[in-house]
Amino acid sequence: MKKAITSMMALLAIMLMTASCGNDNDIAKAIPADAPVVFKANVKSLSEKAALKDNKQLQADLQKGMEGMSEALKKKMKAVMDDPKESGFALQKPVFIAVTDPDKSQFVISLGVNDKDKVTELFKSTKDDCKTMKITEGEDQTVVEDQGMQVAYNSDLCVITVERTDAATLLKQDDDKSIISQDKYAKMLEGTSDIDAYIDYAALMGTAQKMSNKPELAAASELVKGLYLIANVNFEEKEAVIKAEAFGNEVLLGLTKAIENKPSGDYLKLAPADAYGVLQCGLKNMDKIKQLLPKAETEQIDKQLQSMGISLDQLLKAIEGDVMLSVAPNGTQQMPQISFVLACKDQKVWEAISKTAAPMGQGMVEKKDDNTYNLKLQAIAGMDYTLSYDKKAIVITPVTAPAKTFKDNDNASAVKDGGFFIDIQKILGNPQVKGMAGQQATALADLESISATGEGSKCEYTIKFNKPGNALATIVSMMQK
């Protein structure tokens with residue numbers, strides 16, 4: 001089986017290198033209507049951007065992989081490399097990949113067929129390499145079966161199933177049983193990106209809960225019920241951009257919009273210019289999140305806060321304004337330096353928190369005045385900090401202010417409206433990280449930064465690289481290191 005998989009993967013790589021463009025949603029009709037995760041891949045665009053034809057290492061790997069193959073399969077592979085039409089597949093059309101049951105690792109892959117006879121030749125060429133493979137040729141379709149995998153194809157369509165045995169049924173299924181009949185998949189089907197995707201949040205959370213056996217995740221799965229994500233990925237010169245938008249759960253999406261607040265950006269001056277990473281957002285109406293928490297849990301939290309002299313409502317309503325977190329180098333110290341800001345517009349909330357925290361400091365918390373405390377953390381954090389309140393926020397910063405701040409950094413624009421920025425090169429430049437990462441640090445050397453912004457139900461991630469060329473070609477190169 002391992003030899004068979006190696007053979008088929010090598011063939012697939014060759015076909016991707018020689019694919020052409022196109023779009024045909026008829027390929028999607030084989031995907032079941034309830035698939036929780038579906039990817040639509042523009043094979044032509046991906047293969048060109050990955051520069052597979054020019055990848056000498058991949059060519060060498062393919063040649064090496066062919067060494068243990070039968071003469072029949074070697075001959076077929078060479079024919080496909082010389083002329084992609086010999087594969088029989090219509091890779092000028094999109095390829096759909098669906099995870100139909102994450103719990104059981106079930107997949108459905110759907111792709112077009114140009115020449116049914118050549119596809120049959122392709123599978124028959126592997127008979128000496130795949131001893132357990134069974135090929136059943138019918139009048140209007142052919143079914144290929146092997147361990148855990150089934151393939152059914154006709155003159156137009158090929159369906160591959162993993163850990164399912166219904167490829168032949170999916171090949172002929174009616175439109176009303178397919179994703180093409182469901183409105184929630186429409187934006188993904190209409191997409192023209194390198195990769196378009198549909199992701200059902202609740203299904204993934206349910207799988208995570210079963211795998212981890214954590215009851216709290218079951219509650220989270222119920223919370224995001226009906227929520228799904230439409231995303232697209234595009235690989236461009238020196239960067240990959242992922243855009244996503246959430247739909248479906250109007251209660252949760254409405255709450256997200258209600259608590260979102262544009263940050264002022266005033267506290268970016270507390271983050272050092274050479275920060276490893278910075279996160280900034282704005283919050284308001286935080287008392288509304290109580291509707292997401294179980295009543296028993298909110299009552300327990302409220303009881304604990306009442307002992308401090310404030311209520312849960314009072315605490316949540318006080319959180320209105322900026323939230324900022326930065327992590328930066330700390331000289332030669334192993335521990336990084338942290339700057340943290342939490343919006344707080346209620347003096348009484350600050351007083352309750354500071355009065356409770358001071359006795360817990362065990363001599364490391366020293367009161368300077370009503371709104372300022374010295375945190376003696378040199379021994380455990382590599383530097384001392386200041387805990388203070390400026391009437392708008394609770395602030396924790398190193399005692400010594402940075403000479404240059406992130407607010408004046410070119411990368412500040414990535415978080416000005418809310419979001420995060422991570423400088424991968426600075427992280428990899430840390431001696432401790434470099435020592436722990438080893439070979440992985442070498443593989444990641446071409447990765448420059450990761451940033452994200454968002455508003456309402458939409459978000460955008462940008463992954464930048466410092467190596468010239470398309471980002472996908474760089475990613476392929478990184479994976480080969």
Side-chain angles (χ1 to χ4, degrees), residues 216 263 266-281 283 301 304-305 307-310 315 318-319 321-344 347 349-407 409 411 415 420-438 440-441 444 449-450:
E216 59 268 27
D266 293 343
Y267 294 102
L268 289 179
K269 63 187 178 184
L270 302 179
D274 62 346
Y276 295 137
V278 175
L279 177 148
Q280 179 182 235
C281 66
L283 297 173
I301 295 173
Q304 293 174 337
L305 291 172
S307 67
M308 296 169 55
I310 57 175
L315 172 63
I319 303 174
D322 291 7
V323 175
M324 192 279 293
L325 171 67
S326 76
V327 181
N330 184 8
T332 59
Q333 297 291 329
Q334 186 171 350
M335 290 288 290
Q337 61 170 293
I338 308 293
S339 295
F340 177 65
V341 176
L342 176 65
C344 179
Q347 177 81 27
V349 170
W350 155 251
E351 291 173 355
I353 292 174
S354 59
K355 287 179 181 178
T356 302
M360 296 171 61
Q362 298 180 343
M364 292 186 293
V365 180
E366 178 183 83
K367 184 175 182 179
K368 186 175 181 181
D369 56 49
D370 288 344
N371 291 327
T372 310
Y373 288 79
N374 294 323
L375 306 180
K376 299 179 179 180
L377 303 176
Q378 179 71 41
I380 60 175
M383 62 168 47
D384 292 333
Y385 284 81
T386 298
L387 169 65
S388 61
Y389 180 62
D390 65 1
K391 306 298 182 182
K392 295 186 295 183
I394 297 171
V395 180
I396 299 176
T397 56
V399 171
T400 304
K404 296 182 178 180
T405 76
F406 190 81
K407 190 170 185 178
N409 190 311
N411 296 314
V415 300
F420 69 77
F421 173 83
I422 301 173
D423 192 321
I424 303 298
Q425 286 303 301
K426 282 193 173 67
I427 294 174
L428 293 177
N430 181 291
Q432 285 78 22
V433 173
K434 190 178 295 185
M436 291 186 293
Q440 291 180 335
L444 295 172
S449 65
I450 301 174

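Just so we're clear, the structure is a prediction, and the values are computed from it rather than from any experiment. Only heavy atoms go into these numbers, but all of them, side chains included; no hydrogens, no water, no symmetry mates.
With sequence neighbours left out, the side-chain hydrogen bond (donor to acceptor under 3.5 Å, both in side chains) criterion links T372 to D369. Annotation: side chain to side chain contact (heavy atoms under 4.5 Å, CB included) contacts of K391 (sequence neighbours excluded): Q347, N371, Y389. Judged as a side chain to side chain contact (heavy atoms under 4.5 Å, CB included), and not counting sequence neighbours, the contacts of P402 are P272, T405. For K426, the salt bridge (charged side-chain N to carboxylate O under 4.0 Å, His left out) partners are D423, not counting sequence neighbours. Scored by the salt bridge (charged side-chain N to carboxylate O under 4.0 Å, His left out) test, E366 finds K376 as partners (sequence neighbours excluded). Applying the side chain to side chain contact (heavy atoms under 4.5 Å, CB included) criterion to L270, with sequence neighbours excluded, gives Y267, M324, V341, V395, T397.
Contact between D274 and P329 at its shortest, heavy atoms only, is O-CD, 3.2 Å. Summarising the geometry of S339 relative to P398, their closest heavy-atom pair is OG-CD, 3.6 Å, with the distance given to 0.1 Å. The shortest non-hydrogen separation linking N330 to A381 is ND2-O, 3.4 Å. What you find for I310 and L315 is that their closest heavy atoms are CD1-CB, 4.5 Å. Residues W350 and I394 approach most closely at CE3-CG1, 3.8 Å, considering heavy atoms. Summarising the geometry of M383 relative to Q337, their closest heavy-atom pair is SD-CB, 3.7 Å, with the distance given to 0.1 Å.
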- Message: Quick one, V278 with L325, criterion side-chain contact (heavy atoms from CB on, under 4.5 Å). Give me CA distance, side-chain angles, the key distance, then yes/no.
- Response: CA-CA 6 Å; V278 175; L325 171 67; over 6 Å; no

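Counting only heavy atoms from C-beta outward, the side chains of I422 and I427 approach each other to under 4.5 Å. The side-chain heavy atoms of D266 and K392, taken from C-beta on, include a pair separated by under 4.5 Å. Looking only at side-chain heavy atoms (C-beta outward), Y373 and S354 come within less than 4.5 Å of each other. Side-chain contact between Y385 and I338 is present, with at least one heavy-atom pair separated by less than 4.5 Å. Counting heavy atoms from C-beta outward, N430 and Y276 have side chains that approach closer than 4.5 Å.
For the atom pair OG of S388 and CG of N374, the computed distance is 10.0 Å after rounding to the nearest 0.5 Å. The OG1 atom of T386 lies 10.0 Å from the CD1 atom of I396; values are rounded to the nearest 0.5 Å. Rounded to the nearest 0.5 angstrom, N409 CG and L268 CG are separated by 10.0 Å. Atom CE of M364 sits about 11.0 Å away from atom CG of D384, to the nearest 0.5 Å.
For CG of D370, the number of neighbouring non-hydrogen atoms (other residues, nucleotides, ligands) closer than 6.0 Å is 12 at most.
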